[in-house]
There are 2 protein chains.
Amino acid sequence: MSLTADAADQPTLYKRIRADIQKRILTGEWPPGHRIPFEHELVARYGCSRMTVNKALSELAQADLIERRRRAGSFVRRPQHQSAVLKIADIRAEITALGRSYGYELIGRKLRAATAADRDRLGVKKAGKVVAITCRHSADKVPFAVEDRLIDLSSVPNAATADFSREPPGSWLLHHVPWTEAEHTISAIVADDRTAEALDIAVGAPCLVIDRYTWRSARTITAVRLLYPGDSHRLVARFKGG
Amino acid sequence: MSLTADAADQPTLYKRIRADIQKRILTGEWPPGHRIPFEHELVARYGCSRMTVNKALSELAQADLIERRRRAGSFVRRPQHQSAVLKIADIRAEITALGRSYGYELIGRKLRAATAADRDRLGVKKAGKVVAITCRHSADKVPFAVEDRLIDLSSVPNAATADFSREPPGSWLLHHVPWTEAEHTISAIVADDRTAEALDIAVGAPCLVIDRYTWRSARTITAVRLLYPGDSHRLVARFKGG
DNA sequence: TTGACTTATATGTCTAGACATATAATCGTA
DNA sequence: TACGATTATATGTCTAGACATATAAGTCAA
């Protein structure tokens with residue numbers, strides 16, 4: 001849910017109620033722990049039916065802005081800094097959004113039986129076939145990120161014959177694999193020789209690393225490591241709040 | 001909203017409907033673009049009123065799992081890897097969760113009129129007073145992160161007299177400032193002399209950087225930079241999906 | 001004072017309707 | 001054929017009720 005502030009000028013009543021309450025919470029007028037009016041009080045104030053205020057309050061509860069307790073009422077929750085929404089855009093989209101030209105280059109592609117290291121990386125026990133892909137994304141002909149990917153062919157058989165020389169594997173997967181879950185791990189390293197050369201930076205320069213592990217219903221799809229020059233690239237995570 | 005899978009065994013009907021549909025989407029049985037049954041079809045299948053299936057579908061739409069279009073129907077959305085939930089835990093909580101002992105140490109605290117650099121960092125135009133704090137968090141007596149923070153006193157006046165020698169400013173703010181919004185920027189740097197010494201790592205070692213900028217209703221609260229040894233610390237972001 | 005029982009109440013879910021509204025599809029006309 | 005007007009329809013919102021259920025608060029006995 002977005003719950004962006006300006007629902008106040010929305011024509012529908014439940015959105016107005018939701019926005020009114022949200023505003024009071026975000027401005028601090030109703031601090032954490034404060035009991036917001038009972039449903040029947042809001043019904044009286046807005047002159048509407050209970051289902052309408054219930055819908056507004058349910059959405060605020062889903063957004064973790066309030067907590068609802070039977071018999072007790074609804075209460076403003078404590079802010080939760082620890083949870084932020086991180087947008088990890090498709091690299092092409094990210095580059096074109098910056099008004100720069102996107103470039104893609106396949107560096108290597110290998111089809112092989114999974115080695116012990118591959119199985120470890122994919123988090124699978126059984127051996128099977130995998131595709132290993134190394135490629136590079138660039139912005140205005142300048143290296144932007146290098147990608148090192150492993151695709152589990154037992155989950156995505158047709159990746160064996162896909163042409164990754166023109167289409168990046170990330171975008172191919174997005175179009176050929178339905179809903180998935182993913183886990184991203186972010187860390188920092190310094191560039192080794194190979195990385196430095198691929199990104200055209202100095203050996204020892206900082207790099208931001210995103211490891212993404214993707215699966216669907218307990219089935220591994222792919223594991224990918226993205227390396228960005230650390231001083232030029234930034235990830236932005238926004239807390240949902242307002 | 002969590003929308004965790006096992007709503008199937010929930011006793012309430014709308015949750016069962018929601019879980020049934022979600023399962024078909026996540027397993028790929030209903031791929032992206034697939035039109036899910038119309039509300040009136042689900043009403044017939046489950047033998048309930050339209051409001052009940054509407055509630056189930058509305059929640060799936062809020063979770064971005066489906067898209068609803070008037071006159072056309074409801075459709076399974078394309079997976080959106082780019083949006084992940086990043087948990088940036090309170091440092092103390094993070095360390096104690098690992099079963100290690102938390103240590104805190106105030107390195108420096110200054111109260112001053114905002115310099116041009118301060119105003120830039122806080123994103124404010126007018127001059128005012130600020131508190132600048134430098135401190136260190138450690139796990140089992142080993143440096144874990146160094147924190148460099150600026151608090152805008154025009155927004156949080158009582159931070160001027162708060163005792164940050166024992167309580168970390170992050171936790172103090174969490175208890176003294178209600179709901180806020182925040183933006184996190186993640187990048188990588190290599191340690192300079194000062195950082196290397198504070199974190200007890202080598203000069204030139206990689207560091208993960210989190211810059212957090214916090215405000216409330218367009219009012220700046222604080223700006224903080226957290227530096228972690230890059231090879232030991234990892235941030236994990238999980239995609240919301242299932 | 002403590003513990004067990006009862007009661008009152010706010011939320012949770014659900015119904016069978018209603019009208020509004022955006023828009024895909026159709027039809028008619030230039 | 002292309003374009004504009006009309007119509008059908010799925011979703012969006014809302015109502016005025018209903019019963020279920022968890023639980024805070026009060027009651028009473030040990």
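Each chain gets a letter, A, B and so on, in the order its sequence line appears, and its residues count up from 1.
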Salt bridge (charged side-chain N to carboxylate O under 4.0 Å, His left out) against B/R70, all qualifying residues, sequence neighbours excluded: none
Close N/O contacts between protein and nucleotides 15-18 of chain C (under 3.5 Å):
unit_1	atom_1	unit_2	atom_2	d
C/dT15	OP2	B/S49	N	2.8
C/dT15	OP2	B/S49	OG	3.1
C/dT15	OP2	B/T52	OG1	2.4
C/dA18	N6	B/R50	NH1	3.4

Between B/E59 (CD) and D/dG12 (C1'), how many Å, whole number? 16 Å
All side chain to side chain contact (heavy atoms under 4.5 Å, CB included) counterparts of B/R45, not counting sequence neighbours: B/P37
The criterion is salt bridge (charged side-chain N to carboxylate O under 4.0 Å, His left out); which residues satisfy it with B/E94, sequence neighbours excluded? none
Of the residues in residues 31-43 of chain B, which ones touch DNA chain D at a heavy-atom distance under 4.0 Å? B/F38, B/E39, B/H40
Residues in side chain to side chain contact (heavy atoms under 4.5 Å, CB included) with B/L174, at least two apart? A/H81
Residues in contact with DNA chain D, drawn from residues 67-76 of chain B - heavy-atom cutoff 4.0 Å: B/R68, B/R69, B/R70, B/R71, B/G73, B/S74
Between B/D152 and B/T220, is there a side-chain donor-acceptor contact under 3.5 Å, judged purely by atom types and distance? no
Using whole Å, what does the distance between atom P of nucleotide C/dG12 and atom CG of B/N54 come to? 18 Å
One should read off an interatomic distance between B/T214 OG1 and B/E181 CD, to the nearest 0.5 angstrom, of 10.0 Å
With B/D90, which residues qualify under salt bridge (charged side-chain N to carboxylate O under 4.0 Å, His left out), at least two apart? none
I'd like to know if B/R225 and B/D211 make a salt bridge, using a cut-off of under 4.0 Å between side-chain N and carboxylate O. yes
What residues, two or more places apart in sequence or in another chain, satisfy side chain to side chain contact (heavy atoms under 4.5 Å, CB included) together with A/S165? A/L106, A/D163
By salt bridge (charged side-chain N to carboxylate O under 4.0 Å, His left out), which residues pair with B/R35, not counting sequence neighbours? B/E41
Side chains of A/R216 and A/T180: donor-acceptor distance under 3.5 Å anywhere? no
I want to check one thing: is the phosphate of D/dT13, taken as OP1 and OP2, less than 4.0 Å away from some side-chain N or O of A/K55? yes
Measure CZ/A/R16 against P/D/dT13 and give the value in whole Å, please. 15 Å
Closer than 4.0 angstrom, basic N to acidic O: yes or no for B/R68 and B/E39? yes
Any residue meeting side chain to side chain contact (heavy atoms under 4.5 Å, CB included) with A/L98, in chain and number order, not counting sequence neighbours: A/R100
Looking only at side-chain N and O atoms, does A/K15 come under 4.0 Å of OP1 or OP2 in D/dT13? yes
To the nearest 10 degrees, the angle between the two end axes of the helix from C/dT1-D/dA30 to C/dA30-D/dT1 (five pairs per end) comes to 20°
